[in-house]
Student: 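So that we are looking at the same thing, I have put the structure below in structure tokens.
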Amino acid sequence: MNPHETAPTGSVRAAPTDPAPAASAGPAPTDSAPTASAGPAPTDPAPAASVRAALVERWGEPLPRVRAKLSPVLHPWLRRFVELSPYVVVASADGNGRCVASPRGGAPGFVRVLDERTLFLPEESGNRLLQTLGNLERSPGVGLLFLLPGMPETARVNGRAEPLTRDDPRWAALPLDAAERERLLWGSLVHVEEAYYHCGRAARFAELWDTARINRNQTDPPLPKRPAPVIEGEKHVRHGRPVHGVRGGEPVPETGAVRPAG
């Protein structure tokens with residue numbers, strides 16, 4: 001974060017004496033993350049570097065208007081997108097570069113915008129593998145990809161995640177409702193380092209929000225029900241109650257900023 005920035009009143013900031021994200025996590029939920037194996041050594045980055053050099057030579061550098069999209073803060077359009085989004089994919093990696101991309105979902109605005117440089121990502125119990133948290137113990141970097149149903153654009157946020165539990169003194173200042181304060185055990189402050197909107201070409205190529213296809217898949221699913229895990233030769237199926245982040249405070253207004261040009 002910008003060391004010269006003055007935090008707005010009531011905002012939640014990182015503790016200045018605690019640079020390590022794992023140190024502020026406090027007591028973890030009762031289920032522990034599986035112990036990670038040593039795994040293979042990181043791959044040689046040389047092939048990727050050579051491919052990139054060849055592509056830059058063929059295509060040239062990004063256009064100025066593309067570079068201009070990259071922002072160190074959440075500008076109004078990005079902030080509005082996050083406030084409306086009910087779904088985000090969280091990418092993280094451990095110290096050896098092994099990656100996890102994990103979905104999160106809830107009511108629109110379940111990821112809270114605390115200010116232009118800080119998000120709060122609430123964490124439900126989920127599958128209790130705690131893979132993202134395990135990665136954050138080793139490396140704080142995260143990439144967030146926000147989706148908004150029907151919108152071809154996506155919002156991308158890169159930064160550092162700082163886990164904290166409700167035992168942290170900063171928890172009281174978070175904009176959570178009573179049910180969330182009772183239910184949630186932890187979440188992450190995401191300190192924004194880079195944010196930008198991604199154009200809708202990929203969604204249009206995929207016809208991602210084609211309503212006819214969506215209705216067809218809902219009426220006649222293209223895949224059977226997901227397979228149950230097999231443990232010691234027996235299938236185990238467990239259906240838990242649905243739990244979603246709930247937006248607190250005032251409802252999201254119906255008007256917002258216009259997408260920037262470019």
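Position 1 is the first residue of the sequence, and the numbers go up from there. Note that the structure is a prediction, hence the values are computed from the model and not measured.
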Student: Using modelled atom types only, decide if a donor and an acceptor are shared between the side chain of Arg112 and the backbone of Phe110 within a distance under 3.5 Å.
Tutor: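 Confirmed, Arg112 side chain pairs with Phe110 backbone.
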Student: Are any non-hydrogen side-chain atoms of Leu144 and Leu119 less than 4.5 angstrom apart?
Tutor: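 Of all side-chain heavy-atom pairs linking Leu119 with Leu144, at least one is under 4.5 Å.
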Student: Check the pair Arg160 / Glu193 against salt bridge (Lys or Arg N to Asp or Glu O under 4.0 Å), numbers first and verdict last.
Tutor: CA-CA 7 Å; Arg160 296 174 294 104; Glu193 295 177 343; 3.0 Å; yes
Student: Determine, using the 4.5 Å side-chain heavy-atom cutoff (strictly less than), whether Met151 and Val157 are members of one ILVMFWY cluster.
Tutor: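 Same cluster: Met151 reaches Val157 through Ile, Leu, Val, Met, Phe, Trp or Tyr contacts under 4.5 Å.
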Student: Will you find, in the side chains of Glu162 and His191, an N or O donor that is under 3.5 Å from an N or O acceptor?
Tutor: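 Per modelled atom types, Glu162 and His191 side chains form a pair under 3.5 Å.
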Student: Are Val192 and Val89 joined in one hydrophobic group, where the rule is that I, L, V, M, F, W and Y side chains link up if heavy atoms are under 4.5 Å apart?
Tutor: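 No, no single cluster joins them.
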Student: Do the side chains of Leu174 and Arg170 get nearer than 4.5 Å, heavy atoms only?
Tutor: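 In short, these two side chains do not touch, never coming nearer than 4.5 Å.
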Student: Can you find a pair of side-chain heavy atoms, one from Thr165 and one from Leu185, that are under 4.5 Å apart?
Tutor: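 The answer is no, as the side chains (C-beta and beyond) never meet within the 4.5 Å cut-off.
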Student: Do Leu78 and Leu147 belong together in a cluster built from hydrophobic side chains that touch within less than 4.5 Å?
Tutor: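 No: no chain of side-chain contacts under 4.5 Å links Leu78 to Leu147.
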Student: When you look at CZ of Arg213, are more than 12 heavy atoms from neighbouring residues, nucleotides or ligands closer to it than 6.0 Å?
Tutor: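 Correct, the count exceeds 12.
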Student: Working to the nearest 0.5 angstrom, can you tell me the gap between Ile214 CD1 and Thr219 OG1?
Tutor: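 So the gap between those two atoms works out to 11.5 Å.
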Student: Any side-chain donor paired with an acceptor under 3.5 Å for Arg104 and Ser102?
Tutor: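 Per modelled atom types, Arg104 and Ser102 side chains form a pair under 3.5 Å.
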Student: So, do Arg183 and Glu124 sit near enough that their side-chain heavy atoms are less than 4.5 Å apart?
Tutor: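 Side chain of Arg183 against side chain of Glu124, heavy atoms only: contact under 4.5 Å found.
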Student: Does the Glu207 side chain pair with the main chain of Arg204, one donor and one acceptor, at a distance under 3.5 Å?
Tutor: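 Side chain of Glu207 to backbone of Arg204: no pair is present.
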Student: For the residue pair Ser139 and Ala93, what are the closest heavy atoms and their distance?
Tutor: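 Answer, listing the atom of Ser139 first, then Ala93: CB-O, 3.4 Å.
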Student: If only atom types and distance count, is the side chain of Asn217 paired as donor or acceptor with the main-chain N or O of Pro221 below 3.5 Å?
Tutor: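 Here the side-chain-to-backbone pair does not exist.
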Student: For residues Leu148 and Pro86, determine if any side-chain heavy atom of one lies less than 4.5 Å from a side-chain heavy atom of the other.
Tutor: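 SC-SC contact between Leu148 and Pro86 confirmed.
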Student: Can you check whether Phe81's main-chain N or O pairs, donor with acceptor, with Ser85's side chain at less than 3.5 Å?
Tutor: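 Between the backbone of Phe81 and the side chain of Ser85 there is no qualifying donor-acceptor contact (under 3.5 Å).
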Student: If we ignore angles and hydrogens, is there a donor and acceptor under 3.5 Å between the side chains of Thr118 and Asp115?
Tutor: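 Indeed, the side chains of Thr118 and Asp115 share at least one donor-acceptor pair under 3.5 Å.
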Student: Do Val90 and Leu136 belong together in a cluster built from hydrophobic side chains that touch within less than 4.5 Å?
Tutor: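 Hydrophobic grouping puts Val90 with Leu136.
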Student: Which heavy atom of Val111 sits nearest to which heavy atom of Val82, and what is that distance?
Tutor: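 Taking every non-hydrogen atom into account, O-CG1, 3.9 Å.
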Student: Starting at CG of Leu133, measure out to CH2 of Trp186 and round the result to the nearest 0.5 Å.
Tutor: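 Here the interatomic distance stands at 4.5 Å.
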Student: For a quick test of reading the model, state the closest non-hydrogen atom pair linking Asp94 to Asn96 and the distance between them.
Tutor: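 Nearest heavy atoms, Asp94 then Asn96: OD1-N, 2.9 Å.
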Student: When you measure from the side chain of Arg166 to the backbone of Glu182, do you find a donor-acceptor pair of N or O atoms at a distance under 3.5 Å?
Tutor: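 Yes; at least one donor-acceptor contact below 3.5 Å.
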Student: Are any side-chain N or O atoms of Ser71 and backbone N or O atoms of Val73, one a donor and one an acceptor, separated by less than 3.5 Å?
Tutor: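 Looks like yes, one N/O pair under 3.5 Å.
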Student: Is there a side-chain contact between Val51 and Leu55, using heavy atoms and a 4.5 Å cut-off?
Tutor: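 Side-chain contact under 4.5 Å: yes.
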Student: Is the backbone N or O of Arg216 less than 3.5 Å from a side-chain atom of Asp220, with the two atoms forming a donor-acceptor pair by type?
Tutor: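 Between the backbone of Arg216 and the side chain of Asp220 there is no qualifying donor-acceptor contact (under 3.5 Å).
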Student: For residues Gly143 and Asn158, report the shortest heavy-atom separation together with the two atoms involved.
Tutor: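 That would be CA-OD1, 3.5 Å.
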Student: Given the rule in the ring pair (Phe, Tyr, Trp, His ring centres under 6.0 Å) test, do Trp171 and Phe120 qualify, once you have shown the distances and angles that lead to the verdict?
Tutor: CA-CA 10 Å; Trp171 190 270; Phe120 176 70; 5.8 Å; yes
Student: Using the rule that two of Ile, Leu, Val, Met, Phe, Trp, Tyr join whenever any of their side-chain heavy atoms come within less than 4.5 Å, decide whether Tyr87 and Val190 are in one cluster.
Tutor: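 No, because Tyr87 and Val190 fall into different hydrophobic clusters, even though each may have its own neighbours under 4.5 Å.
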Student: Determine whether a donor-acceptor pair (N or O, by modelled atom type, separation under 3.5 Å) exists between the side chain of Arg67 and the backbone of Leu63.
Tutor: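 No; judged by distance alone, with no hydrogens or angles, the pair does not exist.
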Student: Could you grab the distance from atom OH of Tyr197 to atom NE2 of His75, nearest 0.5 Å is fine?
Tutor: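 Nearest 0.5 Å value for the OH-NE2 distance: 7.0 Å.
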Student: Verify, without hydrogens or angle tests, whether Lys69 (side chain) and His198 (backbone) share a donor-acceptor contact under 3.5 angstrom.
Tutor: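 The answer is no, because no donor-acceptor pair under 3.5 Å joins these two groups.
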Student: What pair of heavy atoms forms the shortest contact from Glu180 to Leu176, and how long is it?
Tutor: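 That would be OE1-CA, 3.6 Å.
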